[in-house]
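Bear in mind that the values here come from a model prediction, so they are computed numbers and not experimental data.
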Amino acid sequence: VEMVDKTIENGFVSQTLEMALISEQDIWGKRTGPKSKKPARVEQRLLVEDLKLGDYVVHENYGIGIYHGVTQVETEGVTREYILLQYAGTDKLYLPVDKLDLLHRYTTSEEKQPRLSKLGGTEWDRTKKKVAESIQEMAEELLNLYAIRESISGYTFSKDTPWQQEFEDSFPYQETPDQLKAILDVKRDMEKSRPMDRLVCGDVGYGKTEVAMRAAFKAVMDSKQVAILVPTTVLAEQHYETFSARFQDYPTTVEVISRFKSTSRQKEILKDLQKGAIDILIGTHRLLSKDLQFKDLGLLIIDEEHRFGVAQKEKIKAFKNNVDVLSLSATPIPRSLHMSLTGLRDLTVIETPPPERYPVTTYVLEYNEEIIYEAVMSEIERNGQVFFVHNRIQDIYKVQEKLAQLLPGVSIGIGHGRMKEDELARVIVDFVKGKYQMFLCTTIIESGLDMPNVNTMIVDEADKMGLAQLYQLRGRVGRSNRIAYAYLTYRPERIITEAAGKRLNAIREFNEMGAGMKIALRDLEIRGAGNILGPEQHGYIQAVGFDLYCRLLEQQTIGLKGLSVKEDVNPQMDIDVDYYIPDTYIPDAGTKMRIYRRLLLAREKDEIEDIENELLDRFGPLPRPVENFLQIALLRIKAREKEIKGLRRKGRQMEIQVATDLPQDFMNRSGHLKIKKINDSTFSIQLGESTSINDLERVLNSI
């Protein structure tokens, strides 16, 4: 054996030279970069502190209102801050900032505005009850399906083989923590005796395909066949390219069945499939045809199941009884829904974007031919490709003529929804293969396609498109480690409406990784939930808003699983001192709300100290009302430990309400304190003349 100190990617075996050259990569697989630290999770929903004036909110007890900002109110010489909410008619509600936990952001689609609730009526309670009943039915149905599946026996896959390890090591990228969790979940499911039925959700480009490929490899290692069902021919071809490249070093036969194949070739594929000569078959709903017979199917992978019709879904259900099923969905779902569904569905969410993924640089500007020319030529110079989105079929060919004049020598493909599927699929496949440098199209590229070489997008008349649609379109670029550009243009001769202007500004502002979620969630949350829970739940989500729906679902899930979860007591404090954050100290309402929320939800003394240090560092010495707020936050933590629901102090009198009834010997145990029992769960204490807020904590300690 000789060692050669050279960098060689792949080795070879030569019979003539009677020599084998083995590279490091042949032994260890592709080397990835250093392990990245797990990034902090992005909470994928709009929190109350992100509210802007005029936004819709939901109060758990009072229903849907409009947020009108934070206002100071003085009552009996004590100043506090309240959130002002407008309800139906002239109804207004002043909500104390320490009751923020009862307020949820109302997520709605842009087109349909919700109806405001009326204060004092019973309509809101009826709506909430109706939604809760619907959730209960759905949850019970899911739980029954889950129980039936648990009792069915399927194939138990073997533990990982050395080849599996080698296959996984050859993945050229660094897996994200969420991706690793999804892979582990899927493998565990496959190694169980019951058939797997797992849904993996994640934004496009977040690594779901690699999860599917590792599951497919595991199935093939046990001599089982794999079917991969996709909604479109183009996607089938794309998956075929990806799987073929990834499996080429292993004795695995990957095949695709689509309209691109001749009739005679399709017949050959069917014969080979029945004989077991094909390990992995990729295709559209053609896979569900009766003439297509597998010799020994072990795994069905479904990409975007919600895009199949009712009849096709019924056929898919028949598969689920005895083979392992892995469903992939590119509709991102928020963690709040994920948590609510835990225990009702086998669900894994991939939220962390891949490393070395850059935000898309977004420009909003008037349509300008010089800028278009520069943008296109810059992308072509770095051997990239361009999307040009024009969403009107009637004049798309005129746009093609103008672009051909503006960009001589640039090859332009064209695609829209009225083309025959075969013709459209061929154009897209040719574009993927590099035959065209620019793809002029309608919004047909909105979902499903992965083209890492396309990193410039120009959207014509972007002011006519919805916010979520623009977000989805922008997600088609920036899918590699190159910086990508999106130019959202509007015609100079057109007057942009106020709503369109807000949409374009919003998509430009929310540009960092993960923040695109915030703007998209306006209707993606609802659409995502509809895909996962079933479309019939869509109306119920609209009725109470997405956040409250998730909360009700979570309560129902816990109840159905027979768990009695101790309700988290959030003590209501009413101390007769000024406690608020003055505008002169923190002028920005969003920052102020964020601080209020953190103080309200703090569970440890250290958290309060961290907030105090941050305030001192960012805004300077604490005004007296802010000091009071911090002390009351510490008092709230102590009250929570003691399971106190409410604490009210006025002058020398302190009234305390506890979560459970007072013990029989309570009055005897309280020692030196002057205590008076009001009812089974409430008592009052006579305080000394100079009892400060700090002293109140000591009083609580002695109860």
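- Side chains of Leu403 and Val376 form no contact here, defined as non-hydrogen atoms less than 4.5 Å apart.
- Separating the CG atom in Leu229 from the NE2 atom in His285 is a distance of 9.5 Å, to the nearest 0.5 Å.
- Side-chain contact between Glu366 and Ile371 is absent, with no heavy atoms from C-beta onward closer than 4.5 Å.
- Between Ile280 and Ala216, the closest heavy-atom pair is CD1-CB, 4.2 Å.
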Test side-chain contact (heavy atoms from CB on, under 4.5 Å) on Leu270 and Gln266; report intermediate values, then the result.
CA-CA 6 Å; Leu270 295 184; Gln266 286 193 38; 5.6 Å; no
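- In plain terms, the two heavy atoms of Arg491 and Asp460 that are nearest each other are NH2-OD2, 2.8 Å.
- Between Phe217 and Tyr250, the ring-plane angle classifies as perpendicular under the 30° and 60° cut-offs.
- Looking at Gln437, its side chain does come within 3.5 Å of a backbone N or O of Ser411 through a donor-acceptor pair.
- Cation-pi geometry between Arg476 and Phe439 is not satisfied (NZ or CZ under 6.0 Å from the ring centre, within 45° of the ring normal).
- Side-chain atoms of Asp324 come within 3.5 Å of backbone atoms of Met196 as a donor-acceptor pair (strictly under, hydrogens ignored).
- Side-chain N or O atoms of Ser289 include none that pairs as donor or acceptor with a backbone N or O of Leu292 at under 3.5 Å.
- With values rounded to the nearest 0.5 angstrom, Lys224 atom NZ is found 11.0 Å from Leu299 atom CG.
- Closest approach of Pro251 to Asp279, counting heavy atoms only: O-OD2, 4.0 Å.
- A perpendicular orientation is assigned to the rings of His416 and Tyr397, their planes being inclined by more than 60° (bins at 30° and 60°).
- The number of heavy atoms from other shown groups lying within 6.0 Å of CD (Gln394) is above 12.
- At a threshold of 4.0 Å, the pair Asp291-Arg286 counts as salt-bridged, since one of the basic side-chain nitrogens sits closer than that to a carboxylate oxygen.
- A side-chain contact (heavy atoms from CB on, under 4.5 Å) with Asn453 is found for exactly one of Arg382, Gln385, Glu379, namely Gln385.
- The closest side-chain heavy-atom distance from Tyr490 to Lys464 is not below 4.5 Å.
- From Met213, atom CE reaches atom CD1 of Ile183 across 10.0 Å, with rounding to the nearest 0.5 Å.
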Check the pair Val211, Ile350 against side-chain contact (heavy atoms from CB on, under 4.5 Å), reporting the backbone distance first and the verdict last.
CA-CA 10 Å; Val211 177; Ile350 301 179; 4.2 Å; yes
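- Residues Ile444 and Gly417 approach most closely at CG2-N, 3.9 Å, considering heavy atoms.
- The nearest pair of heavy atoms linking Ser23 to Gly11 is OG-N, 3.9 Å.
- How far CZ of Phe294 is from CD1 of Ile278: 9.0 Å, rounded to the nearest 0.5 Å.
- Listed by chain and residue number, Arg259 satisfy the salt bridge (Lys or Arg N to Asp or Glu O under 4.0 Å) test with Asp422 (two or more places apart in sequence, or in another chain).
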What verdict does the side-chain contact (heavy atoms from CB on, under 4.5 Å) test give for Val410 and Val386, after you've listed the backbone C-alpha separation in whole Å, the side-chain angles of each residue and the deciding distance to 0.1 Å?
CA-CA 10 Å; Val410 174; Val386 179; over 6 Å; no
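- Using the six-membered ring where Trp is involved, Tyr367 and Phe388 have ring planes that are perpendicular, over 60° apart on the 30 and 60° scheme.
- Remark: the backbone N or O of Glu241 is not paired with any side-chain donor or acceptor of Ser244 at under 3.5 angstrom.
- Using a 4.0 Å cut-off between a side-chain N of Lys or Arg and a carboxylate O of Asp or Glu, Lys433 and Glu237 do not qualify as a salt bridge.
- Two residues are said to be in side-chain contact when any heavy atoms from C-beta on lie closer than 4.5 Å; Arg214 and Phe171 meet this criterion.
- Taken from NE2 in His239 to CD1 in Ile282, the straight-line distance is 7.5 Å, to the nearest 0.5 Å.
- At a threshold of 4.5 Å between non-hydrogen side-chain atoms, the residues Ile483 and Thr361 count as touching.
- Between Leu273 and Ile257 there is no side-chain heavy-atom pair separated by less than 4.5 Å.
- For the residue pair Gln164/Glu168, the side-chain donor-acceptor check at 3.5 Å is satisfied.
- A salt bridge is defined here as a Lys NZ or Arg NE, NH1 or NH2 lying under 4.0 Å from an Asp or Glu carboxylate O, and Arg426 with Asp430 fails to meet this definition.
- Using a 4.0 Å cut-off between charged nitrogen and carboxylate oxygen, Arg246 and Glu210 count as a salt-bridge pair.
- Using a 4.5 Å cut-off on side-chain heavy atoms (C-beta onward), Phe243 and Thr209 make contact.
- Rounding to the nearest 0.5 angstrom, the gap separating the CD1 atom in Ile228 from the CD1 atom in Ile302 is 11.5 Å.
- Contact of the Lys261 side chain with the Glu268 side chain is not registered, since no non-hydrogen atoms from C-beta on lie closer than 4.5 Å.
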For side-chain contact (heavy atoms from CB on, under 4.5 Å), just list the numbers for Ile428 and Met451, CA-CA rounded to whole Å, side-chain angles, deciding distance to a tenth of an Å, and then say yes or no.
CA-CA 10 Å; Ile428 294 173; Met451 301 182 188; 3.6 Å; yes
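- Minimum heavy-atom separation, Val477 to Val360: O-CG2, 3.7 Å.
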